[in-house]
Number of protein chains: 2
Amino acid sequence: MHGDFLLGKKAAVTGKRGLLEDLVLNERAQLVLISIIENYIQSSEPIGSRTLSKSIGVTLSPATIRNIMSDLAELGFLIQTHTSAGRVPTDKAYRFYVNSLSTPSSVPEQIKQKITLVSTEQGMQVEGILAEAVHLLADLTKFACVVSTPKASVSRLQRIELIKISEDRILVILVTKAGVVRDKIIFVKDSHSQDFLNSVASFLNEKFKNHSMQEIREKIHQYLVDDRNRYHDLLAQAVRLGKKAFELNNPGEMLIDGQMNLLLDSHFHKQSSVRSLIEAFNQKSEIMKILDDSMRQKGVHIFIGIENDFEQLQGCSLIMTSYRNNQNVLGSIGVVGPTSMDYKRIISIVEYTAKILSETITERSYD
Amino acid sequence: MHGDFLLGKKAAVTGKRGLLEDLVLNERAQLVLISIIENYIQSSEPIGSRTLSKSIGVTLSPATIRNIMSDLAELGFLIQTHTSAGRVPTDKAYRFYVNSLSTPSSVPEQIKQKITLVSTEQGMQVEGILAEAVHLLADLTKFACVVSTPKASVSRLQRIELIKISEDRILVILVTKAGVVRDKIIFVKDSHSQDFLNSVASFLNEKFKNHSMQEIREKIHQYLVDDRNRYHDLLAQAVRLGKKAFELNNPGEMLIDGQMNLLLDSHFHKQSSVRSLIEAFNQKSEIMKILDDSMRQKGVHIFIGIENDFEQLQGCSLIMTSYRNNQNVLGSIGVVGPTSMDYKRIISIVEYTAKILSETITERSYD
DNA sequence: TTTAGCACTCATTAGGTGGTAGTGCTAATA
DNA sequence: TATTAGCACTACCACCTAATGAGTGCTAAA
């Protein structure tokens, strides 16, 4: 066998197309591979040597290309759906392709103009802004898009308010630094006066402003186990109410838009079963995990095919990135599409949308 | 022609199957029609005379049935997809069928047990409860389901609260009688003290408790045009803030669940284009209209095929009903499915779910 | 190292066949 | 008169077949 000839000399590695890490292909092989991928992204038909030899810039006979393709297949970049069909890029090929996109392409001015969020003008809350952003993204990409709402546990307290609305119910309002307002109702056994609630609230505000919900919960727990506080009545009551008020009842949520887009995407039907997709979207928790993961890392995060851990989504690629305010990373936003998506375009759109979203939310923040 | 023989004598009209209004079919024709419909609902295959002659209770030869079918077709209850195919019910037939379902069938105990809302236990707000209800409904019916959130304009004020969260921002909390909490942030030019906001809030509470948002807006408008109030500073300020606070910024919303279910329904692919469905769900406003309409009427509301005004949904049937608290109708909930759905079953499930939802929300109300 | 040529594979398409489920019509029957 | 049996006819469907064409791998020549 002579598949070795693709293994580039050092010269190849320093070629124009920035090669990364362990992938070593000579320049011509790269050209062919990228050409196949870009063709396939456009047509979603298997690419044959003859077709390629025409569309590729360099003059190479179909036979030569066949040799190269054959070797690329052997290295796991291409597969055939059947003998005598053209070749189709594998996940590995897309990974190579995405890595080779060194300079992120900028968003066309025309699309930039479309990426604006008008919900702020209508005095909408953070959730409303996120809903608009994810809808916009779905509209531009024509794929399914997801966004996670700011995590309650990491967000820091700007203000808490307790409002008596009936004898046994207290409305708790939490405003976080990020400008998110959460309300919930807690039920109490004995009635409290509004005055009392006010002093509890101001105690909690004073004590916990700027602390994260997580921290607050821990501190309250401390108070509760600390015996000495039992004797101070107001404090004890305040802490007890505070415990209820800060109890996590809002598991991080996510918004989905454009699921249906996937189903009429021609690229899509060829590779993934509709049924598993539906299951995937019904079981939000798994997608949440992926969103959470990409919150922790900077920049755009790309999962191609099997690279994500969620089996039902392994026929898809995910492009995720985080959004933030001045101070903190708040959540992430991204798209779910076929592995044969137009990465260049989608990545740039996701990136730019997240940027606009971040700016919009920063305006709303109290940091 | 002898199609006339289906036109029932008066005797037929008083037959067991309750016939409504203008539809006059003799008993045997009804039996055949209903039999066809029920067969088709089950199999979603065109029904032929031979098949029917076996499955139907009465002994009728295929030839006789053919005669009846031919006449039913002439009257617009059946169509053929092509010569020599069996017959398929039209919208008119389903309408007849639904009307003939005089006694609403009860929900099987087994399903009743599944229809429970657990979100209340987790201290969730009304929106959370609605989300759970619509998800449940989608799960049970395997169709797409929608629910409209309580209309802001008709809901009545329980309590308003104004909270200063920064120099130029005030958080407005509105609690309605139905237990819905709405928050929004308003921006103001000059800073107000919290004490001032408190007196404004208590003024507004006193003045407007139990009034609908719509009424409140009108009254505020009155105040503003009434010159005399201008000289009373507190009042004038309060009214100005109140105007901002009560401004409608929350257009009635709706939640959708289970859209994807439609796409793998076998009945469905046969009749409606996926594309128009997707458009339908992207353009929520039209579905909102239908939900609004069915809020105004009592009981379950059924739109079969072309009976709804929204072109994109005319391949579907909609089953809608309202939910309420003790005092008011709040919104509506329902399903969107193929015209050949199992009406008996779906109607009863929608009805029962709405009942449970109403009970759950009533518990949350302040009426 | 590249290319031309050739034999081969396999999906897709079009045409043809028999079987089947359905119809409408007519004439016989109860 | 209402019902039924019988028959000719239609159209879909599943199956086969042959032809087409895009693609491959291999080999030998340039």
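The shown structure was predicted, so the numbers you read here are calculated from the model rather than taken from an experiment. Here is how names work: the chains are called A, B, and so on, in the same order as the sequence lines, proteins then strands, and each is numbered from 1.
Put simply, CG on Asn39(A) is 15 Å from C1' on dA22(D), counting in whole angstrom units. If you take CD1 of Ile47(A) and P of dT24(D), they are 10 Å apart, rounded to a whole angstrom. Summarising the geometry, the separation between CD on Glu45(A) and C1' on dA22(D) is reported as 12 Å, rounded to the nearest angstrom. If you take CG of Leu60(A) and P of dA4(C), they are 11 Å apart, rounded to a whole angstrom. For Asn67(B) and dA2(D), the CG to P distance is 11 Å, given to the nearest whole Å. Straight-line distance from the CZ atom of Arg87(A) to the C1' atom of dA11(C): 16 Å, rounded to whole Å. Regarding Ile36(B), its CD1 atom lies at a distance of 14 Å from the C1' atom of dT23(C), rounded to whole Å. We find that CD1 of Ile68(A) is positioned 15 Å from C1' of dT24(D), with the value rounded to whole Å.
Closest to the side chain of Ser84(A), from the set dA22(D), dG25(D), dT4(D), is dA22(D). Which of dG24(C), dG5(C), dC12(D) sits closest to the side chain of Arg66(A) comes down to dG5(C). Listed candidates were dT10(D), dT3(C), dT24(D). Nearest to the side chain of Gln80(A) is dT24(D). Residue Ser49(B) has its side chain nearest to dT23(C) when only dG25(D), dT23(C), dA4(C) are considered. Candidate nucleotides dT24(D), dT3(C), dG22(C) were compared by shortest atom distance to the side chain of Arg50(B), and dG22(C) ranks first. For His82(B), counting side-chain heavy atoms from C-beta on, the closest listed nucleotide (dT4(D), dC12(D), dT9(C)) is dC12(D). Considering only side-chain atoms of Thr51(A), the nucleotide from dT2(C), dG23(D), dG22(C) that sits closest is dG23(D). Nearest to the side chain of Thr64(A), among dT3(C), dT10(D), dT24(D), sits dT3(C).
In this structure, the side chains of Val146(B) and Asp257(B) stay at 4.5 Å or more apart for every pair of heavy atoms. Contact of the Phe77(A) side chain with the Ile36(A) side chain is not registered, since no non-hydrogen atoms from C-beta on lie closer than 4.5 Å.
Nearest-nucleotide positions on DNA chain C for Gly86(B) and Ala63(B) put Gly86(B) closer to the 5' end.
Side-chain polar atoms of Ser55(A) and Asn39(A) form a donor-acceptor pair below 3.5 angstrom.
In summary, Glu38(A) and Lys344(A) engage in a salt bridge, as defined by a charged side-chain N under 4.0 Å from a carboxylate O.
In terms of the ring-ring contact (aromatic ring centres under 6.0 Å, His included) criterion, His135(B) has no residue partners (sequence neighbours excluded).
When heavy atoms are screened at a 4.0 angstrom cut-off, Ala85(A) is found touching the sugar-phosphate backbone but no base atom.
Distances shown here put every side-chain N or O of Thr83(B) at or beyond 4.0 Å from the OP1 or OP2 atom of dT23(C).
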